[in-house]
Amino acid sequence: MDTTLAAVERALSEQREAGVQRTSVMTHLVWAPPDWLKAAERTLAGLSERHPSRTVLLTPAPRRKDGIDAVVDVRRFRVKGSSRSIASEVVKLTLKGKRAKAPGSIAMPLLITDLPVFCRWRGEPAWDSAELDQLVTVVERLVVDSSEWKGLPGSYERLGELFDRVAVSDIAWTRTESWRARVAALWPGLRRAELLEVTGPLPDALLLAGWLRSRLRRKVELMHRTGRTVRRVVVDGTEVEPPSGPAPSPSDLLSQQLDVFGRDPIYEAAVSAAG
Amino acid sequence: MVVFGASGDLTARKIFPALYALAVRRLLPETFGVVGVARTEQTTRQFAAQMRAAVKQYARDPFDDAVWGELATGLRYVATDFADDEGQDEVVAALQELDEKRGTSGNRVYYLAVPPAAFETIVNELGQRRDRTTGWTRLIVEKPFGHDRVSARTLNETILRCFVENEVFRIDHYLGKETVQNMLALRFANGIFEPIWNRQFIDHVQITVAETMGVEGRAAFYEQAGAIRDIFQNHLLQLVALTAMEPPIDFTADSVRNEKVKVLRSLHTPGPKSVVRGQYGAGLVEGEEVPGYREEPGVDPESETESFVSAKLYVDNWRWADTPFYVRAGKRLARRETTIAIQFQRAPHPPFAEIAGDGLRPNVLLIHVQPDEGVSLAIGAKVPGQGMSIRTVHMDFLYGGAFRTGLPEAYERLILDAMLGDATLFTRADEVDEQWALVDTIVAAWRRDRPVFPNYAAGTWGPPSAGELIQRDGRSWRRH
């Protein structure tokens, strides 16, 4: 039902339990348009215990009558090997009508004072929108997953325009980490690489190619075959040994990003060279 | 208790809900009665019905007919102009009736919940009619206490012609807040903080009193007062005093206030460039488009009243010399927040500087006055896992999580203290005087130029010059 941010603050305070500590590490904002809401909630379910903090889930509903709907939930987790518990606060806000265009000013009062703010933007950012502009101003780190985008490789150019305003992480980039380690192991033969063949999702392939180009400072041609996950990487005809072990879950990948501070110049260079 | 201004907002929103909360907890004397005095023509029955509705709406406890019934039995209302002799006779008659029927024994709390212009008339009337032979008397005076140093001194002289200082209780409701009082507990009940509470270990202090609201129907008052008289002169300087004061020898009113006044006396700003004023233009607050200050109802379209003030202050004493106190207060800011942040010096040789990067910041002790009432200490901690990654985390003490009793409203504590004659949480005449001395200096400098207003958008953290004020010293305001 329609509510105010003061009521949300009160609800958070009332739901705190005696003796259950809120461990404050960061505020985690999630911008999740309705189509992405379920996926965002699934990822969150696997995340809170590892990143106990305040999560504010923002869902725009611009066609509804102006207002804010809120659900407040203080989740309790048992600390392993101890009888103590910790709490993580989850606030789900539906921003209705004009409020959908003003997420920055709505999120601001709910940020935990003086702690870093990360924003996971689900789907492709609306590049010229007020929403993106405002959230970028409020947060320290923007976490995207370029495998959720349709406009590649052109969208990497738009992403690059944000690098001087906010530190950016890309879950697609994190997914390529184990493959990058395998490719790097080809050094020094890798030094003169000219052709990279990747069977897997397009963003992973583009980022691997961008990374190789920017690290080697030379042209590397990309030959891409579609696949659900990266299955095969070949450099100048040399097959790269696939990484071992299970692929990390979406929660693992996001969790990893929430530990990173500051800009990642290697990623930024890879994005610039990905197109 | 006699409440002058009984038909006003303060009585409905704060005074009666506070009295009701005290009644619920059996903290009021059994022989308690209230006489409401105001110009509005109404009967006692009508007044009681209004206050009943106010308690239902604003009290923090669920409504209980029995508790209200008990409180309402001692309720009277007198409709009169404050200068009207006949009306004042009626007040005296109502009080005598309560003395007889409820045994209030001549004990009186006079609460001036009226605009400052009415103070003098009421105080003089009370002075002429007060019975000094039976019971005790308290006079509670709401802020603003004067408009500048001269008017505050005049008002004090008027009051002190009829009352003695220990009968006068000047309310600054911030002092009634639990978290503000916790500042004293934190500093003086814990051995670990006091040794490092000085210029050697503290880099600087930041105090923020931020509101998201606009003038909300108080335009007539605010146009005259501005942020400097509404917040800076009282709440903000009191927070500075509590943060910087020396340990009092005990927790009696005079010991605490003696230490506070020393701080207020030693405060100065290094110059006009160390004070910034601002006025909001239109913008977005909590997702809503809001008008600029000059477009608010009742505000002069060319108003030069400031809705924001920030300053760099110094406390000239051995403990704090050269340690800046950056303070800011304003309306229509990005979030509602009152915090005191004590930023400690950086570690002298941090071996992790390169690894930690942006993740590691200096230790900060944050006292959250509102919201999230409590205390946080920001410390650097190793992120679990391989390697040596360090980030800043908070150790929190949150009132809501530690104590299950709800926090009392400031007015509950202050009204009760006034009845008990404990003035520790009220400001003394000399404190008010020193506060005005600093404000007068700032306002005098402002008169020399015309501000270019508006200079910040509603929903932001104030004008860019406020950021420059602190950036010039190589520091920055806390984030969020």
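Quick note on labels: first sequence line is chain A, next is B, and so on, each numbered from 1.
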Fill in: A:Thr113 side chain reached by B:His394 side chain, heavy atoms, under 4.5 Å
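The answer is no; the side chains never approach within 4.5 Å.
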Discussion item. Quick test of your reading of the model: are A:Glu9 and B:Arg336 salt-bridged, counting only N-O distances below 4.0 Å?
Written reply: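 Yes, A:Glu9 and B:Arg336 are salt-bridged.
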Item to complete: Mark yes or no for whether B:Arg335, through its side chain, and A:Met108, through its backbone, hold a donor-acceptor pair below 3.5 Å.
Response: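 Checked: pair present.
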Practice prompt. Using modelled atom types only, decide if a donor and an acceptor are shared between the side chain of A:Ser105 and the backbone of B:Gly459 within a distance under 3.5 Å.
Written response: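 Between the backbone of B:Gly459 and the side chain of A:Ser105 there is no qualifying donor-acceptor contact (under 3.5 Å).
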Discussion item. At a heavy-atom distance under 4.5 Å, which candidate from A:Ile106, A:Leu5, A:Asp114 has the highest pair count against chain B?
Written reply: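 Answer, by heavy-atom pair count under 4.5 Å with chain B: A:Asp114.
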Item to complete: Could you tell me which of A:Val117, A:Thr137, A:Thr4, A:Leu12 has the largest number of non-hydrogen atom pairs under 4.5 Å with chain B?
Response: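 Going by pairs under 4.5 Å, I would pick A:Val117.
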Worksheet item: Heavy-atom distance under 4.5 Å to chain A: side chain of B:Trp461, backbone, both or neither?
Response: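 For B:Trp461, side-chain heavy atoms alone lie under 4.5 Å from chain A.
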Fill in: chain A contact via B:Leu284 - side chain, backbone, both or neither, heavy atoms under 4.5 Å
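When you check distances to chain A, atoms from both the backbone and side chain of B:Leu284 fall under 4.5 Å.
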Practice prompt. Return yes when atom CD of B:Glu289 has more than 12 non-hydrogen atoms of other residues, nucleotides or ligands closer than 6.0 Å, and no otherwise.
Written response: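 Count not over threshold, so no.
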Worksheet item: Could you state the interatomic distance from CG (A:Leu115) to OG (B:Ser376), rounded to the nearest 0.5 Å?
Response: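 One finds 7.5 Å between CG of A:Leu115 and OG of B:Ser376.
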Discussion item. Heavy-atom pairs under 4.5 Å with chain A: which of B:Ala341, B:Ala378, B:Gly283, B:Pro371 has the most?
Written reply: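 Most pairs with chain A among the choices: B:Pro371.
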Worksheet item: For A:Pro109 and B:Ala334, which heavy atoms make the closest approach, and how far apart are they?
Response: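 Shortest heavy-atom separation between A:Pro109 and B:Ala334 comes out as CG-O, 3.9 Å.
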